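Working notes, beginning with the structure itself.
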Amino acid sequence: MAKDDDFAGRVLAWWDVHGRKDLPWQHPRTPYRVWVSEVMLQQTRANTVVPYFERFVAAFPTVHDLASADPDRVLHLWSGLGYYARARNLHEAARRLAARPATDAFPREVAGWMELPGVGRSTAGAVVAQAFGERASILDANVRRVLARHHRVEGSVASSSAQTELWRLAEHHTPTQRVADYTQAIMDLGATVCRSAKPICDACPVQDTCAAHATGEEAQFPHRSPRKSARRLERRRFFVITAGDLVLLEKRPANGVWGGLWSPPERREDEPLDECLPRLGVELATVAETTHAAPFRHGFSHYDLDVLPVYVHLTRLPAEVRDGASLRWARRDDALGLSAVAAKLIAPTEPTQRSLLETDP
DNA sequence: AAGGCGGGGGA
DNA sequence: TCCCCAGCCTT
């Protein structure tokens, strides 16, 4: 595709009229805010991110505030957003950035950003382009779809050859002027016009040079991955152990689902309650009541989880409360660092919970 | 190269 | 239900 097609110019002209210009990370468009937003936007739609972003930057207005923050508070503000490794990486990256000399706290180049955990090529390009206006390219799902259609890029987007070609095209189309606006524009185009389902080709500024549209095969691009494995179902039992308005939380292993977050302790396979409680420092004699709450299903991208909560109410806290690195008692209405499901499990407003408290002598 | 990692929204 | 999303990291 020759430069004189002025792909970027047409996309920019479209964006000037139809693009999104009121997203919170655009005002003000500082490196810190752009970086935080781009990490939140990994695999997450903009509309979902907006309220999380606003809470996050209100709590941590600068990279220094974030660097010195309590890790559980960072995770707390991420709770519900998913992919929690992003939050841990963001926090670690903030610590590294804050340790740099003030004069170059934020890299101006893609390579500098890519050294930070949680920042890959696309996120680095987005930050550099939007925060500094330097010529840099992105290749997110929106851009990938626009380019795969426009140039009929064959092969699964996961394949190495397609990746190489898409990156080449992305960089080819990136203009030298108005790079920040172009970056936003090409993403807006993919999100609102060149949509995954039912693209609105008649509203597209580059329709007349789109190779897939020429043959009416927009829906065939980008090629889908060959197959996906059958959806599996898991069942997990959690013990929601409460004493008054306190609840016992266990730090989950760093790897796996909800890695590094806190949750009610999970029953190990076929582990009896009278073995589980001592492991948690709870005396069996203090158990006042156990209630099997209604199970619920939680969908993940690749499997479903059946959550079976068992509420265990204690008459008193253990004589010796271990407030260790992997076990802690927290106020049920003020617990930090939980996943969305864990927060739901301990929510004081949970109906099953109220009935439990009401039967408490 | 493939799989893991959340959760929500739309069709 | 199924698919997809402003990806990155590990193996």
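Worth saying up front: this structure is predicted, and the values here are computed from it rather than measured.
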Expected rows: protein N/O vs nucleotides 8-11 of chain B N/O, under 3.5 Å:
none

*So, are Glu115(A) and Arg96(A) salt-bridged, with charged N and O less than 4.0 Å apart?*
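Looking at Arg96(A) together with Glu115(A), the answer is no, because their closest N to O distance does not fall below 4.0 Å.
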*asked:* So that I can tick it off, tell me whether Arg73(A) and Asp70(A) are bridged by a salt bridge, with the cut-off set at under 4.0 angstrom between side-chain N and carboxylate O.
replied: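 Between Arg73(A) and Asp70(A) there is no salt bridge, as every charged N stays at least 4.0 Å from the carboxylate O atoms.
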So what does [X] touch, heavy atoms closer than 4.0 Å: a base, only the sugar-phosphate, or nothing?
| X | result |
| --- | --- |
| Leu23(A) | base |
| Leu139(A) | nothing |
| Ser160(A) | sugar-phosphate |
| Trp25(A) | base |
| Val257(A) | sugar-phosphate |

Check whether any side-chain nitrogen or oxygen of [X] sits under 4.0 Å from OP1 or OP2 of [N], and answer yes or no.
| X | N | value |
| --- | --- | --- |
| Gln43(A) | dC5(C) | no |
| Trp258(A) | dG7(B) | yes |
| His302(A) | dC5(B) | yes |

Would you indicate which nucleotide in [options] comes nearest to any side-chain atom of [X]?
| X | options | result |
| --- | --- | --- |
| Gln42(A) | dA6(C), dC8(C), dG6(B) | dC8(C) |
| Val341(A) | dC3(C), dA6(C), dG7(B) | dG7(B) |
| Asp140(A) | dG7(B), dA6(C), dC3(C) | dA6(C) |
| Ala141(A) | dC5(C), dC2(C), dC3(C) | dC5(C) |

_Counting only heavy atoms and a strict 4.0 angstrom limit, can you tell me which residues of residues 107-130 of chain A come near DNA chain B?_
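None - not one residue of the stretch has a heavy atom sitting under 4.0 Å from the strand.
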*Write out all pairs satisfying ring pair (Phe, Tyr, Trp, His ring centres under 6.0 Å) with one or both partners inside residues 232-274 of chain A, taking only residues at least two apart or from two chains.*
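Sorted result for residues 232-274 of chain A: Trp258(A)-Phe300(A).
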*If a pair satisfies ring pair (Phe, Tyr, Trp, His ring centres under 6.0 Å) and one of its residues is in residues 175-203 of chain A, list it, with sequence neighbours excluded.*
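Sorted result for residues 175-203 of chain A: empty, none.
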*With distance as the sole criterion, is a donor-acceptor pair present between the side chains of Thr215(A) and Arg152(A) under 3.5 Å?*
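Distance-only check passes for Thr215(A) and Arg152(A).
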*With a 3.5 Å cut-off and no angle check, do the side chains of Trp15(A) and Asp181(A) form a donor-acceptor pair?*
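Absent: no donor and acceptor within the cut-off.
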_Dot-bracket encoding per residue of DNA chain B, Watson-Crick/G-U cut-off under 3.5 Å, | denoting interstrand_ = |||||.|||||
Between [N] atom [atom2] and [X] atom [atom1], what is the distance in whole Å?
| X | N | atom1 | atom2 | result |
| --- | --- | --- | --- | --- |
| Leu261(A) | dG6(B) | CG | P | 8 Å |
| Leu166(A) | dG7(C) | CG | P | 14 Å |
| Leu77(A) | dG7(B) | CG | P | 15 Å |
| Tyr83(A) | dC9(C) | OH | C1' | 12 Å |
| Arg252(A) | dC5(B) | CZ | P | 10 Å |
| Met40(A) | dG7(B) | CE | C1' | 14 Å |
| Asp304(A) | dC3(C) | CG | P | 13 Å |

Under 3.5 Å, which donor-acceptor pairs do the side chains of residues 40-47 of chain A form with other protein atoms, sequence neighbours left out?
residue  : atom : partner   : partner atom : Å
Gln42(A) : NE2  : Gly118(A) : O            : 3.2
Gln42(A) : NE2  : Thr123(A) : OG1          : 3.0
Thr44(A) : OG1  : Met40(A)  : O            : 3.4
Thr44(A) : OG1  : Gln42(A)  : O            : 3.0
Thr44(A) : OG1  : Arg86(A)  : NH1          : 3.2

*If the plane angle is over 60° it's perpendicular, under 30° parallel, otherwise tilted; pick one for Trp25(A) and Phe53(A).*
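Perpendicular.
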*Would you call the rings of Phe106(A) and Tyr32(A) parallel, tilted or perpendicular if under 30° counts as parallel and over 60° as perpendicular?*
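Rings of Phe106(A) and Tyr32(A): tilted, 30 to 60°.
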*Ring centers of His173(A), His151(A) separated by less than 6.0 Å*: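 Centroid distance His173(A)-His151(A): below 6.0 Å, so yes.
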